[in-house]
There are 2 protein chains.
Amino acid sequence: MNKVTMADVAKVAGVSKSTVSQYLNKRYEYMGEKTKLKIEEAIEELGYQPNFIARSLKQKRTSMVGIIVANITHFFSTEISRAIEDFCHTHDLHAIFCNADDDPEKEKNYIEMLRAKQVDGLIIFPTGQNNDLYKKMVSQGYPVVFVDRKVENLDVFSVITDNAHATSMAVQHVIEKGHRNIAFVVQPLKVSPRIDRLTGYKKALTDAGIEINSDYIIEASIPDMKNKLEQLFSLEVKPTALFAANDRVFMAVGEFLKEKGIKLGKDLELIVFDNIPFSHLLDSPISFIEQPAAEMGKKAAELLFQQINKEDTPPEVFVFPSRIV
Amino acid sequence: MNKVTMADVAKVAGVSKSTVSQYLNKRYEYMGEKTKLKIEEAIEELGYQPNFIARSLKQKRTSMVGIIVANITHFFSTEISRAIEDFCHTHDLHAIFCNADDDPEKEKNYIEMLRAKQVDGLIIFPTGQNNDLYKKMVSQGYPVVFVDRKVENLDVFSVITDNAHATSMAVQHVIEKGHRNIAFVVQPLKVSPRIDRLTGYKKALTDAGIEINSDYIIEASIPDMKNKLEQLFSLEVKPTALFAANDRVFMAVGEFLKEKGIKLGKDLELIVFDNIPFSHLLDSPISFIEQPAAEMGKKAAELLFQQINKEDTPPEVFVFPSRIV
DNA sequence: TTGTAAGCGTTATCAG
DNA sequence: CTGATAACGCTTACAA
């Protein structure tokens with residue numbers, strides 16, 4: 001189908017392949033006006049489309065970057081992704097998105113396949129379970145930026161938010177409203193944001209002189225959450241406030257509450273870590289901790305871009321503050 | 001960084017490039033156990049990663065497919081995308097997603113760049129404004145599948161839903177509930193689903209013997225929507241029901257209603273075309289028309305896969321029924 | 001069973 | 001200003 005090659009164009013235009021190549025790369029400087037026109041015509045006539053694969057092979061640069069998202073069903077992820085894509089678009093990079101589904105095996109596959117496809121760099125929301133692989137990339141000087149989650153013992157560019165601090169502030173706020181029995185619901189503590197948010201929660205309680213009650217801390221995967229919530233709400237002293245550690249937890253909790261007829265605002269105060277797209281449609285008084293996703297995405301893309309263009313700056317961790325809404 | 005090439009492996013293993021190539025392509029049939037092992041070791045030792053770019057150039061097949069989404073902020077789009085990716089993943093295809101932002105210019109760019117990158121096929125949520133380009137692809141026999149939106153005068157594989165019919169049913173349902181003043185809110189009528197939904201709306205009214213009141217039909221872009229809604233709700237006879245033609249319209253409408261203190265269910269009945277992720281969290285009685293996104297995505301991927309593998313079947317349009325929830 | 005050599009469609013280096 | 005010619009890293013007949 002795409003059988004027209006540079007050689008064909010050259011033949012029709014009556015010039016050589018190299019001249020056509022020059023033309024395509026806009027190096028007209030020393031090019032005769034007449035040849036330029038002839039080539040233009042030939043391209044038009046044949047419907048020629050350059051083959052980027054061939055070019056990439058030669059240039060060892062694909063102008064593609066890969067983004068490996070831990071879980072695309074987080075609204076936060078799609079927001080960041082959008083920002084990354086925007087940046088790439090204005091910098092002549094093409095962004096390829098993959099969804100690791102929070103599965104280290106899949107993450108590994110994607111990293112390997114993207115590197116095999118010679119993408120120029122990678123932005124990763126790491127599962128945190130592939131440290132050897134991360135280390136290898138970094139030590140090979142391959143351009144990488146980590147987003148959302150910290151990776152231990154690795155000197156690498158990262159873009160994260162102040163999970164512990166924001167959580168702590170939010171919980172403190174709820175305490176000031178008079179709540180003492182505050183539950184904390186989170187998915188399995190496998191990645192840094194979850195851990196940091198829990199830390200922030202504990203800190204706020206401790207600072208306020210409230211004892212930490214492990215019955216109020218629920219760590220469960222989304223499918224198991226319902227059962228755990230049942231337990232939580234059959235306690236003698238029920239929580240009057242609940243902190244959902246991210247949007248998916250929020251949804252699970254919301255579903256549960258609805259089912260049980262527990263009224264937000266009246267029976268329970270809810271705080272959620274994450275931007276929720278439909279939040280303004282809910283008339284319940286829910287607090288949200290909003291991460292500056294757009295800026296974070298942009299920063300990550302920028303950092304990657306710099307690495308790709310060999311601007312040698314030492315790896316740094318950028319912490320963006322979150323906002324309580 | 002990825003300087004290890006097949007030649008290096010061959011040298012270390014003491015065999016020739018072609019033997020290594022055989023090994024990599026799992027054609028061990030006639031390969032000595034000893035050579036196999038030597039190659040294995042060499043690969044391990046050097047940390048060799050094959051270069052897909054080079055392979056693609058030779059094979060004229062990249063094992064990548066492109067998906068051009070009209071607007072990724074529609075939840076429906078991400079759902080379909082997920083399904084497409086799942087299918088691709090199980091069929092050794094890599095999916096690249098691009099967001100055309102409902103902009104024909106961007107769409108054109110992406111189509112061209114993806115083809116230049118030699119992707120094996122394209123799944124497009126068409127803007128509908130690039131008919132020449134679509135036509136060209138089809139006539140060149142390039143594998144394409146259109147999703148969500150119909151393209152006129154083009155014999156091509158498409159996966160859509162029964163927009164007019166589903167809308168008509170939903171509106172009819174609202175009429176049966178006793179509503180007569182039903183508004184219809186839609187973004188600019190540039191693509192077939194919007195047009196078809198409007199058609200369905202009109203049909204339901206006509207069938208019920210209700211006169212179509214153009215004051216109740218709002219066609220506006222999201223930023224303009226608020227103003228138009230102001231007008232709608234300053235009419236003497238206000239609508240008692242409102243049909244939002246998709247999720248983004250729903251959000252705009254929801255925001256407006258909230259601002260105005262118009263209560264869902266009480267003051268206004270709402271029907272939305274599209275699956276909304278947080279719908280079960282809203283305690284207002286909203287009806288949704290749910291498209292079978294997962295099945296549609298899978299079907300689209302399947303159709304593309306068949307074309308890529310040259311299973312010659314004539315183009316067909318697959319219509320999936322939507323469900324009212 | 002393994003090696004040789006000719007491409008795939010570009011770009012880059014030098015001559016002319 | 002333009003044109004040979006050699007890469008880029010891999011696959012694939014065909015030979016050995």
Side-chain angles (χ1 to χ4, degrees), chain A residues 1-40 42-43 46-64 112-113 115-120, chain B residues 1-43 46-64 112-120:
Chain A
M1 37 200 198
N2 215 10
K3 295 197 63 86
V4 210
T5 152
M6 222 172 65
D8 300 320
V9 177
K11 208 183 306 163
V12 172
V15 297
S16 82
K17 282 200 301 174
S18 10
T19 310
V20 178
S21 176
Q22 310 271 47
Y23 170 84
L24 289 170
N25 292 289
K26 313 211 186 296
R27 304 209 54 74
Y28 315 114
E29 303 159 20
Y30 307 115
M31 198 178 306
E33 195 59 29
K34 12 39 186 301
T35 34
K36 202 159 115 185
L37 271 149
K38 275 195 297 188
I39 294 174
E40 228 151 50
I43 289 181
L46 298 168
Y48 166 73
Q49 298 270 151
N51 181 332
F52 271 61
I53 290 281
R55 170 198 299 225
S56 300
L57 178 58
K58 185 70 196 182
Q59 293 189 159
K60 308 179 120 201
R61 193 186 206 288
T62 54
S63 300
M64 292 196 290
E112 279 170 355
M113 93 90 173
R115 291 204 57 184
K117 290 236 197 294
Q118 313 297 115
V119 303
D120 297 338
Chain B
M1 40 201 199
N2 213 12
K3 294 196 64 87
V4 210
T5 150
M6 223 171 65
D8 299 320
V9 176
K11 209 183 305 164
V12 172
V15 297
S16 82
K17 282 198 304 173
S18 25
T19 311
V20 178
S21 175
Q22 310 270 45
Y23 171 84
L24 290 170
N25 292 290
K26 313 208 184 298
R27 306 206 56 75
Y28 314 115
E29 303 157 22
Y30 306 115
M31 198 178 309
E33 195 59 29
K34 12 40 183 308
T35 33
K36 203 158 115 184
L37 271 148
K38 277 196 296 186
I39 295 174
E40 229 151 50
E41 275 169 22
I43 288 180
L46 297 168
Y48 167 73
Q49 297 270 151
N51 180 331
F52 271 61
I53 291 281
R55 168 198 299 225
S56 301
L57 179 57
K58 185 70 193 180
Q59 293 188 158
K60 308 180 122 197
R61 193 183 204 290
T62 54
S63 299
M64 292 196 290
E112 279 169 356
M113 93 89 173
L114 287 172
R115 291 204 59 185
K117 290 233 196 293
Q118 313 297 117
V119 303
D120 296 337

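In the text below, chain A, chain B and the rest are named by the order of the sequence lines, each starting its count at 1. A quick note: this is a predicted structure, and the numbers were derived from the prediction, not measured. When reading the values below, keep in mind they use all heavy atoms of this one structure, side chains included, and skip hydrogens, waters and symmetry mates.
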Between [options], which nucleotide has the shortest distance from any of its atoms to the side chain of [X]?
X: A/Arg55; options: C/dT10, C/dC8, D/dG3; value: C/dT10
X: B/Asn51; options: D/dT5, D/dC10, D/dT12; value: D/dC10
X: B/Thr19; options: C/dT10, D/dT11, C/dT2; value: C/dT2
X: B/Ala54; options: D/dG9, C/dT2, D/dT11; value: D/dG9
X: A/Thr5; options: C/dT10, D/dG9, D/dT2; value: C/dT10

What is the distance from [atom1] of [X] to [atom2] of [N], rounded to the nearest Å?
X: B/Lys11; N: D/dG9; atom1: NZ; atom2: P; value: 12 Å
X: A/Tyr48; N: C/dG9; atom1: OH; atom2: P; value: 10 Å
X: B/Gln59; N: D/dA13; atom1: CD; atom2: C1'; value: 15 Å
X: B/Asn25; N: C/dT2; atom1: CG; atom2: P; value: 15 Å
X: A/Gln49; N: C/dG9; atom1: CD; atom2: C1'; value: 14 Å
X: A/Gln22; N: D/dT2; atom1: CD; atom2: P; value: 9 Å
X: B/Lys36; N: C/dT2; atom1: NZ; atom2: P; value: 11 Å
X: B/Asp8; N: D/dC10; atom1: CG; atom2: C1'; value: 13 Å

#### Entry: DNA chain C: 5'-proximal contact among A/Leu57 and B/Glu33 (nearest heavy atom)
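This one resolves to B/Glu33.
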
### Over all atoms of both residues, closest heavy-atom pair of A/Met64 and A/Lys117
CE-O, 4.1 Å

#### Entry: Exercise: identify the closest heavy-atom pair between B/Val15 and B/Val20
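Shortest heavy-atom contact: CG2-CG2, 3.8 Å.
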
Counting only side-chain N and O atoms of [X], is one of them less than 4.0 Å from OP1 or OP2 of [N]?
X: A/Ser21; N: C/dT11; answer: yes
X: A/Lys17; N: D/dT2; answer: no
X: A/Ser16; N: D/dT2; answer: no
X: B/Tyr23; N: D/dT11; answer: no

### Summary
Output for pair (A/Gln118 CD, B/Ser56 OG), nearest 0.5 Å, gives 9.5 Å

### Query
Measuring from B/Ile53:CD1 to A/Lys60:NZ, what's the distance to the nearest 0.5 Å?
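Here the rounded value is 12.0 Å.
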
### Query
Base, sugar-phosphate, or nothing for B/Thr35, non-hydrogen atoms under 4.0 angstrom?
sugar-phosphate

### Task
Name the nucleic acid region contacted by A/Val15, choosing base, sugar-phosphate or nothing; use a 4.0 angstrom heavy-atom cut-off, strictly under.
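A/Val15: backbone/sugar contact only, no base atoms under 4.0 Å.
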
### Task
Check step by step if side chain to side chain contact (heavy atoms under 4.5 Å, CB included) holds for A/Leu24 and A/Ile39.
CA-CA 9 Å; A/Leu24 289 170; A/Ile39 294 174; over 6 Å; no

### Message
So if I apply the side chain to side chain donor-acceptor pair (under 3.5 Å) rule between B/Tyr23 and each of B/Glu40, B/Lys38, B/Lys36, which one comes out positive?
### Response
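Testing B/Tyr23 for a side chain to side chain donor-acceptor pair (under 3.5 Å) against B/Glu40, B/Lys38, B/Lys36 leaves exactly one candidate, B/Glu40.
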
### base_contact_polar (D/dT11 base, B/Ser18 side chain, donor-acceptor, <3.5 Å)
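Not at all, since no donor on one side and acceptor on the other fall under 3.5 Å apart.
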
